[in-house]
2 protein chains.
Amino acid sequence: MAKANKRLSIADLAAELGLSISTISRAFNNAPDVSEATKAQVWALADKLGYRPNSLAAALRRGRSNMLGVIVPHINGAFFPAVVHGIEEVASQAGFNVLICQSNEDEAQERKHVEALLKAQVDGVLVSMSNTTSHFEHFEKVRNQATPLVFFDRMPTGLPNACGVVVDDYRGAYQVVEHLIRQGCQRIAHFAGPSTVNTTADRHRAYRDALQAHGLRYDERLVVRLRNSTTEAGAEAMQQLLDGPVRPDAVFSAYDFPAGGALQLLEARGLRVPQDVALAGFSNEPFTTMVKPQLTSVDQRGELMGKAAVQLFLQILKRTEFFTGQRIVLKPQLIVRDSSLR
Amino acid sequence: MAKANKRLSIADLAAELGLSISTISRAFNNAPDVSEATKAQVWALADKLGYRPNSLAAALRRGRSNMLGVIVPHINGAFFPAVVHGIEEVASQAGFNVLICQSNEDEAQERKHVEALLKAQVDGVLVSMSNTTSHFEHFEKVRNQATPLVFFDRMPTGLPNACGVVVDDYRGAYQVVEHLIRQGCQRIAHFAGPSTVNTTADRHRAYRDALQAHGLRYDERLVVRLRNSTTEAGAEAMQQLLDGPVRPDAVFSAYDFPAGGALQLLEARGLRVPQDVALAGFSNEPFTTMVKPQLTSVDQRGELMGKAAVQLFLQILKRTEFFTGQRIVLKPQLIVRDSSLR
DNA sequence: GTGAAAGCGCTAACAA
DNA sequence: TTGTTAGCGCTTTCAC
């Protein structure tokens, strides 16, 4: 095993080969104006010595790190991992390394991550906002650094000209509710997510609009604000509805896991799904096909979203102009399963 | 909004305040030998100007990046996200930023990530091996750079003195099989993972040993090698067993999702779980409590594992000595649920 | 308590 | 095709 481990630099290779450091540098960047013979020599020696270019030094000098910062609220469930996957794929094709951070739905952590990424000189930041974030100065800072900023899925409503990729949550939710109405449901309840986030706010709005468009009353008593997006929160919400003044015959949940929780609770209470209460969620989590009955849901095109976000970033990077508030809107996909078919 | 965006440096602050760059640097590092008044001045100006230290430059100069590289096979399911969570928590406490990479169970990608991390001058690498990895030179390279290398969950068997944190897979699997035997199962089948990976190899070995220790025959015909760790692979494997010469009365799956797939297939074939076939998986995925019957499984202590891995890394970093092959073994937790209770 | 100066490892003019 | 040189922004002796 190798012993003395003082870090090697191009200077060492240069000395060894009797070449100048610039030639070594050029060889590593595969510059066209270095002879193939020289390149071969350099690469062979590097291989033998275990030399590896220091990308920090290169980044410092070049003023470009080829690193892309990504902030997600979490990587639980299937959606954000899918997005991350899409991001990594396109980013690595374009020669970028990806720095992933989780905000854990906490604004303070989100700010810290933004700072850290900026200090690390990332060439761009992709963010899906924490759902507790209510101030946006940390995002403004990114843009003030002239660092491209692209949102995905969750965008701040209060930030003018924000670029991003979202799914048409309104449309997806509207389709769910229309579907439930067509199945004959009359008292459709809603498990609502936070109203501060575009996604869940849109789902809620679509729920209300779809009801009214079909002549059904929007009844506050049928709307429960979820504590979070877990099964437990869903079970609680379902219990609350069952204890309430109006017995729903369907529930549209802003997330899948709470819908799963509702399913368990209904079963425990001896109610049948979908005959007594139809259920639909949002996200198309894998578990939705493993429960009985399988859960109706809406697919959010996670991987595609990630890819689109990086492409948008690359576009912005190319332009010298300033940010133009581009927004890419993906079509969600309603997936009807047994939990809402009667 | 700010306009001309040439990056600021300590030199700009120094000029503005009539101080030297060293003082500015010291102020930012909160050095004790700078007067509080000066610090306050510097910080105020930085705040006003939106200056942010360039951590790349600092890392280059200091020879330490405070970045920790992490390579996971994927972030699907609940286990690896839990580990990552644990890693981030302890790492950020210790002042490290975490660079997460996914190998997608592919050796080539794993190698590329190792190279990229090393070039980025990370101070350490935490890895859970891809299950297709069969050569370990890329790991040796890390150690040859004198960069701490810590494995978690999946360790190479062929790398001497590898440090890492694992769960006692053998023990967990042994407990599962013993439990099934105590429930009266006589023909216990096994869905096996890759034999190249310590975790699934241990689960398989424990399965065989537990059978034999209880006077049951180890029958190759009851062992199916999974194509991968999805529900589909589990359904296939179950079908294969049902089509085979020996009808099992229990299945111990090396992963949870295939157990879920088996559950669905059994149900579709009109077989009852656990009465006709008892089921048990491994990982304690959240979905195991959402299906009916709920699935027996083994918890792998993901978050704890992540924390322990970082602590091990920090320990190694402190020592001047070389790697000693420390291994931390966590106790898994058998969680018995309805799918195996009869 | 503060400053001057060297240099981390690399890139990119500019020369030759 | 190759070499020389001046930094990128920061930390860190060593002075004063």
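All values below come from the heavy atoms of this structure, side chains included, with hydrogens, waters and symmetry mates left out. In the text below, chain A, chain B and the rest are named by the order of the sequence lines, each starting its count at 1.
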Base-contact (B) and sugar-phosphate-only (S) positions in nucleotides 3-9 of chain C, heavy-atom cut-off under 4.0 Å, - elsewhere: BB-BBBB
Qualifying side chain to side chain donor-acceptor pair (under 3.5 Å) pairs, either residue in residues 42-55 of chain B, two or more places apart: A/Glu115-B/Arg52
Sequence neighbours excluded - side chain to side chain donor-acceptor pair (under 3.5 Å) pairs with any residue from residues 82-94 of chain A: A/His85-B/Asn104, A/Glu88-B/Gln102
Covered region of DNA chain D, 5' end to 3' end, by chain B [heavy atoms, under 4.0 Å]: D/dG9 to D/dC14
Sub-4.0 Å heavy-atom contacts from residues 34-45 of chain A onto DNA chain D, ordered by number: A/Val34, A/Ser35, A/Thr38
C/dT11 OP1/OP2 closer than 4.0 Å to side-chain N/O of A/Ser25: yes
Got a sec, which residues hit side-chain contact (heavy atoms from CB on, under 4.5 Å) with [X], two or more places apart in sequence or on another chain?
{"X": "A/Glu16", "value": "A/Leu45"}
{"X": "A/Ala11", "value": "A/Ser9, A/Ile21"}
{"X": "B/Glu36", "value": "B/Lys39"}
{"X": "B/Leu19", "value": "B/Leu17, B/Thr23, B/Ile24, B/Thr38, B/Val42"}

Is there a side-chain contact between [X] and [Y] (heavy atoms, below 4.5 Å)?
{"X": "A/Val114", "Y": "A/Val142", "result": "yes"}
{"X": "A/Ile100", "Y": "A/Val84", "result": "yes"}
{"X": "B/Leu314", "Y": "B/Phe96", "result": "yes"}
{"X": "B/Gln315", "Y": "B/Gln326", "result": "yes"}
{"X": "A/Val72", "Y": "A/Cys101", "result": "no"}

A/Arg154, CZ atom: more than 12 neighbouring heavy atoms under 6.0 Å: yes
Set of ring pair (Phe, Tyr, Trp, His ring centres under 6.0 Å) partners for B/His74, sequence neighbours left out: B/Phe80
Chi angles and distances behind the side chain to side chain contact (heavy atoms under 4.5 Å, CB included) call for B/His138, B/Thr133: CA-CA 10 Å; B/His138 51 306; B/Thr133 297; 3.9 Å; yes
Overall bend - the helix from C/dG1-D/dC16 to C/dA16-D/dT1, comparing terminal axes fitted on five pairs, nearest 10 degrees: 30°
Between C/dC10 (C1') and A/Asp12 (CG): distance, integer Å: 13 Å
Residue pair A/Lys112, A/Glu107: steps toward the salt bridge (Lys or Arg N to Asp or Glu O under 4.0 Å) verdict: CA-CA 9 Å; A/Lys112 282 184 65 173; A/Glu107 177 164 357; over 6 Å; no
Those residues of residues 114-124 of chain B lying under 4.0 Å from DNA chain C by at least one heavy atom: none
